[in-house]
Undergrad: 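Structure in structure tokens, see below.
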Amino acid sequence: MIIITCDHGGNLIPPEYQAEFKTAKAVLKTHRGWDPGALDFGNFLSDAFEASYFYSTTSRLLIDLNRSLNNPTLFSEWSKPYPVDVKANIIEEWYRPYRENVEMELFDLINHGEKVLHLAVHSFTPELNGEVRKADIGLLYDPKRSTEKAFCQTWLKQFKQQTPEYNVMRNSPYKGINDGFPTYLRTCFPESHYMGIELEINQKLIKPAKSWKKLQQQILETLQTFPE
Ligand SMILES: [Zn+2]
């Protein structure tokens, strides 16, 4: 059983908050505002697997759905100055519904004995603060969870066989154990029934459209080699 999430699918700011985001217009269009390509890719994967798909098109600059509530980067420099009650409202309206829907779906499935692969789809900027990222595709997981480790080892092998032209790396450009949604979900569900893998795609690969389409198909094929 697979479920797909996309935390950073869009760069929209809800109308009631737009006044504070006037100075963020340029930044919203960049990787800081969203994960270009991720929403489409999540759509593509969930269609292929007929999987539940949870996504957000609200910018992470309002609130970052891939952070814990106590993380200092939950709110951005634009949303941090909001008074406490406004922040509480943003959490109730934008953060909790998304996170709780995913958690409830997992709870239902796992309660019925299902073993679930949660694929969290993200994309990353090719260069950050002058550092060029080596990975084309990153598979992020917790090395202490034997199921996730084994899954990513096999997945990496599939990539090497099927798409040797891409540099697929484990726990790069980020670590799977960093504060993120799967990291939280690992505290809720045992490794025997929950695997939370973040799939990170280098944004240099999402253009031109034709090769991006091809890559999406190739990634799908690496996943189709796994038993259901
Ligand atoms: Zn992301």
Side-chain angles (χ1 to χ4, degrees), residues 2-13 21 24 27-46 51-69 71-80 90-91 94-99 101-103 117-129 131-142 148 152 155 166 168-186 195-207 212 215-216 219 223:
I2 299 182
I3 79 157
I4 317 267
T5 60
C6 180
D7 305 340
H8 304 139
N11 54 4
L12 302 176
I13 297 295
F21 278 83
V27 174
L28 276 167
K29 290 183 189 149
T30 71
H31 68 96
R32 288 178 63 196
W34 65 312
D35 287 3
L39 186 71
D40 282 349
F41 185 48
N43 237 329
F44 172 79
L45 279 184
S46 56
S52 297
Y53 184 32
F54 301 86
Y55 60 89
S56 167
T57 52
T58 301
S59 175
R60 67 144 73 90
L61 295 181
L62 183 71
I63 188 164
D64 193 337
L65 302 173
N66 198 29
R67 295 286 179 270
S68 301
L69 287 173
N71 190 307
T73 64
L74 177 72
F75 292 101
S76 72
E77 63 185 270
W78 289 272
S79 52
K80 224 172 248 175
I90 293 171
I91 289 169
W94 301 99
Y95 182 93
R96 280 199 203 282
Y98 176 83
R99 303 259 302 202
N101 281 343
V102 176
E103 190 177 336
L117 166 63
H118 166 208
L119 280 180
V121 179
H122 293 270
S123 69
F124 62 94
T125 181
E127 193 183 325
L128 188 67
N129 306 327
E131 181 215 338
V132 176
R133 264 83 176 262
K134 287 195 199 87
D136 291 320
I137 296 168
L139 312 179
L140 280 44
Y141 64 98
D142 179 352
E148 292 184 10
C152 286
W155 198 6
Y166 294 114
V168 182
M169 295 174 74
R170 283 173 293 172
N171 286 318
S172 174
Y174 308 107
K175 284 189 177 141
I177 55 167
N178 287 356
D179 180 36
F181 198 11
T183 300
Y184 163 73
L185 291 167
R186 283 184 204 113
M195 287 194 286
I197 315 283
E198 286 174 84
L199 176 59
E200 284 275 5
I201 297 168
N202 194 315
Q203 287 159 12
K204 73 182 180 192
L205 300 174
I206 67 169
K207 276 181 194 160
W212 170 222
L215 174 59
Q216 293 185 57
I219 296 173
L223 280 167

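Side chains included, hydrogens not; waters and symmetry mates left out as well; all remaining heavy atoms used. Just so you know, ligand 1 is whichever comes first in the structure, and atom 1 is the first atom listed for that ligand.
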Undergrad: Which residues and atoms, counting only protein N, O or S, are under 2.8 Å from the Zn ion (ligand 1)?
TA: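 Listed by chain and number, the atoms are His8 ND1, Asp35 OD2, His122 ND1.
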Undergrad: Could you pull out all residues at least two apart from Asp35 that satisfy salt bridge (charged side-chain N to carboxylate O under 4.0 Å, His left out)?
TA: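 Asp35 satisfies salt bridge (charged side-chain N to carboxylate O under 4.0 Å, His left out) with Arg60 once adjacent residues are dropped.
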Undergrad: Tell me, please, which residues at least two apart from Glu77 pass salt bridge (charged side-chain N to carboxylate O under 4.0 Å, His left out).
TA: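 Glu77 satisfies salt bridge (charged side-chain N to carboxylate O under 4.0 Å, His left out) with Arg32 only.
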Undergrad: For Lys29, does the NZ atom have more than 12 heavy-atom neighbours from other residues, nucleotides or ligands under 6.0 Å away?
TA: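 Open: at most 12 neighbouring heavy atoms sit under 6.0 Å from NZ of Lys29.
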Undergrad: Examine distances only and state if a side-chain atom of Thr183 and a backbone atom of Asp179 form a donor-acceptor pair shorter than 3.5 Å.
TA: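 The answer is no, because no donor-acceptor pair under 3.5 Å joins these two groups.
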Undergrad: Any salt bridge linking Lys175 with Asp142? Criterion: basic side-chain nitrogen under 4.0 Å from a carboxylate oxygen.
TA: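 Answer for the salt bridge query: no.
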Undergrad: With sequence neighbours left out, what residues match Asn43 under side-chain hydrogen bond (donor to acceptor under 3.5 Å, both in side chains)?
TA: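 Testing Asn43 for side-chain hydrogen bond (donor to acceptor under 3.5 Å, both in side chains), a comparison that skips the adjacent residues, returns none.
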